[in-house]
2 protein chains.
Amino acid sequence: MAIHKKESFSQKEQDLAAFAKALAHPARIAILKVLAQRNECICGQIVDILPLAQSTVSQHLKELKTAGLINGTVDGPRSCYCINWKAFDKFNEEFSFLFNKLKVQNEKACC
Amino acid sequence: MAIHKKESFSQKEQDLAAFAKALAHPARIAILKVLAQRNECICGQIVDILPLAQSTVSQHLKELKTAGLINGTVDGPRSCYCINWKAFDKFNEEFSFLFNKLKVQNEKACC
DNA sequence: TTCTTTAATCGTATATTTGCGATATAAGAT
DNA sequence: ATCTTATATCGCAAATATACGATTAAAGAA
């Protein structure tokens with residue numbers, strides 16, 4: 001592909017895309033669902049639920065954390081994770097700003 | 001990676017992930033923004049705005065269309081696109097159902 | 001100290017995505 | 001019929017993502 005052009009887009013566009021990207025895998029959706037239901041979880045509990053190897057789950061958790069969707073803290077030999085609701089709120093807002101606001105003013109018939 | 005395991009997740013998880021995936025690139029966010037602002041656009045107008053080749057834009061449009069985020073109809077030699085607001089509403093709902101509802105009941109302190 | 005438990009990271013194979021030029025297609029204009 | 005315009009598709013190269021086993025790291029238990 002030669003060169004990636006992601007940088008040529010606005011920061012907001014990149015941020016929204018990055019958030020969406022973190023959600024763009026069913027395993028990560030499933031992880032978030034578990035965290036939402038239980039408020040917090042250690043990695044092992046998630047490994048027990050998902051049909052994936054420990055290393056794979058750990059990698060997905062890392063991506064979610066890097067993207068800012070979850071928080072994680074070390075607790076002895078284990079790691080505790082929970083959803084970063086503030087991030088969800090922020091992106092929900094950005095998303096609405098970009099689309100829903102515009103939607104109201106021009107949900108006309110189109111092609 | 002051997003085998004893809006996406007199939008082992010629930011349909012709703014897969015659907016949400018697929019929607020997010022369509023949003024997971026700044027170029028596609030930018031395209032949606034343009035469509036939201038102008039209600040409808042032909043491919044060439046988008047090509048003029050984005051810093052990408054015509055073939056690349058066409059590919060992104062195809063992905064958005066396949067994922068159901070936009071509608072597209074042939075209009076003589078050109079193609080007209082617009083946002084499929086119904087899809088946005090549907091996924092907004094799914095998303096809220098999965099996360100926001102749970103959020104209200106347990107936005108406790110966590111790790 | 002050594003053993004066990006828990007999780008992160010490394011290395012690697014494979015699949016998918018991104019991007020572009022070139023080409024094909026389709027319809028209106030000449 | 002040929003030319004022009006607008007877009008889709010093909011073929012390819014490079015970058016990323018996905019998945020897992022093996023290894024490492026870190027801390028509590030024996």
Side-chain angles (χ1 to χ4, degrees), chain A residues 1-9 13-14 17-31 34-35 40-67 70-82 111, chain B residues 1-9 13-14 17-31 34-35 40-67 70-82 111:
Chain A
M1 127 185 76
I3 296 157
H4 255 283
K5 297 234 170 157
K6 293 188 179 173
E7 314 76 34
S8 15
F9 296 93
E13 285 161 353
Q14 289 183 54
F19 183 81
K21 193 174 185 176
L23 293 172
H25 193 287
R28 292 194 288 273
I29 296 279
I31 289 172
V34 172
L35 290 179
E40 59 180 47
C41 264
I42 62 167
C43 175
Q45 294 178 297
I46 298 167
V47 172
D48 288 342
I49 295 169
L50 300 206
L52 295 171
Q54 179 270 321
S55 58
T56 307
V57 171
S58 197
Q59 205 171 290
H60 281 304
L61 284 166
K62 189 184 177 185
E63 279 173 75
L64 287 168
K65 193 177 174 188
T66 301
I70 64 175
N71 299 126
T73 52
V74 177
D75 170 27
R78 55 212 95 193
S79 280
C80 184
Y81 290 99
C82 66
C111 50
Chain B
M1 126 186 78
I3 297 157
H4 255 282
K5 297 231 169 160
K6 293 189 178 171
E7 314 76 34
S8 15
F9 296 93
E13 284 162 352
Q14 289 184 53
F19 182 81
K21 193 173 184 177
L23 294 172
H25 194 287
R28 292 193 290 272
I29 296 280
I31 288 172
V34 172
L35 290 179
E40 59 179 46
C41 264
I42 62 168
C43 174
Q45 293 177 298
I46 299 167
V47 172
D48 288 342
I49 295 169
L50 300 206
L52 295 171
Q54 179 269 323
S55 58
T56 307
V57 171
S58 196
Q59 206 171 291
H60 281 304
L61 284 166
K62 189 184 177 185
E63 279 173 74
L64 287 168
K65 193 177 174 188
T66 301
I70 64 174
N71 299 126
T73 51
V74 177
D75 169 28
R78 56 214 94 193
S79 279
C80 184
Y81 291 98
C82 66
C111 52

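We name chains A, B, ... by the order of the sequence lines, and we start the count at 1 in each one.
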Relative orientation of the end axes in the helix from C/dT1-D/dA30 to C/dT30-D/dA1, expressed as an angle to the nearest 10° (five pairs per end):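 Rounded to the nearest 10 degrees, the bend comes out at 10°.
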Can you tell me the distance, in whole Å, between the [atom1] atom of [X] and the [atom2] atom of [N]?
X       : N      : atom1 : atom2 : result
B/Ile31 : C/dT18 : CD1   : P     : 11 Å
A/Gln14 : C/dT18 : CD    : P     : 14 Å
B/Gln59 : D/dC10 : CD    : P     : 11 Å
A/Ile42 : D/dA27 : CD1   : P     : 16 Å

Any A/Arg78 side-chain nitrogen or oxygen under 4.0 Å from OP1 or OP2 of D/dG28: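 Checking A/Arg78 against D/dG28: no side-chain N or O falls below 4.0 Å of OP1 or OP2.
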Any A/Tyr81 side-chain nitrogen or oxygen under 4.0 Å from OP1 or OP2 of C/dT6: no
Polar side-chain atom of B/Thr66 near backbone of B/Lys62 as donor-acceptor pair, under 3.5 Å: yes
side-chain contact (heavy atoms from CB on, under 4.5 Å) partners for A/Pro77, two or more places apart: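 Expected list: none.
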Using a heavy-atom cut-off of under 4.0 Å over every strand shown, decide if [X] touches base, sugar-phosphate, or nothing.
X       : answer
B/Leu61 : nothing
B/Glu63 : sugar-phosphate
B/Lys21 : sugar-phosphate
A/Ser79 : sugar-phosphate

B/Cys43: disulfide bond (SG atoms under 2.5 Å apart) partners, not counting sequence neighbours: none
Closest contact, heavy atoms only, B/Ala27 versus B/Leu52: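 Distance-wise, the nearest heavy atoms are CB-CD1, 3.7 Å.
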Nucleotide nearest B/Arg28 when distance is taken to its side chain, options D/dT7, C/dG28, C/dT18: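 Nearest to the side chain of B/Arg28 among the choices is C/dT18.
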Whichever of B/Cys80 and A/His25 has its nearest DNA chain D nucleotide further upstream toward 5':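 Of the two residues, B/Cys80 wins.
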Upstream residue (5' side of DNA chain D) when A/Gly76 and A/Lys6 are each assigned their closest nucleotide: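 Counting from the 5' end, the first nearest nucleotide belongs to A/Lys6.
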Residues A/Leu23, B/Leu23; criterion side chain to side chain contact (heavy atoms under 4.5 Å, CB included); working and verdict: CA-CA 10 Å; A/Leu23 293 172; B/Leu23 294 172; over 6 Å; no
Interatomic spacing from CD in A/Glu40 to OG1 in A/Thr73 - rounded to 0.5 Å: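 One finds 7.5 Å between CD of A/Glu40 and OG1 of A/Thr73.
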Distance in Å, A/Gln45 CD paired with A/Leu35 CG, rounded so as to fall on 0.5 Å steps: 9.5 Å
Most 5' of A/Lys62 and B/His60 on DNA chain C, judged by nearest nucleotide: A/Lys62
ring-ring contact (aromatic ring centres under 6.0 Å, His included) partners of A/Tyr81, counting only residues at least two apart: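 Expected list: none.
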Where at least one partner belongs to residues 20-30 of chain B, residue pairs that pass side-chain hydrogen bond (donor to acceptor under 3.5 Å, both in side chains), sequence neighbours excluded: B/Arg28-B/His60, B/Arg28-B/Glu63
Sorted by number, the residues of residues 43-56 of chain A with heavy-atom contact under 4.0 Å to DNA chain D: A/Leu52, A/Ala53, A/Ser55, A/Thr56
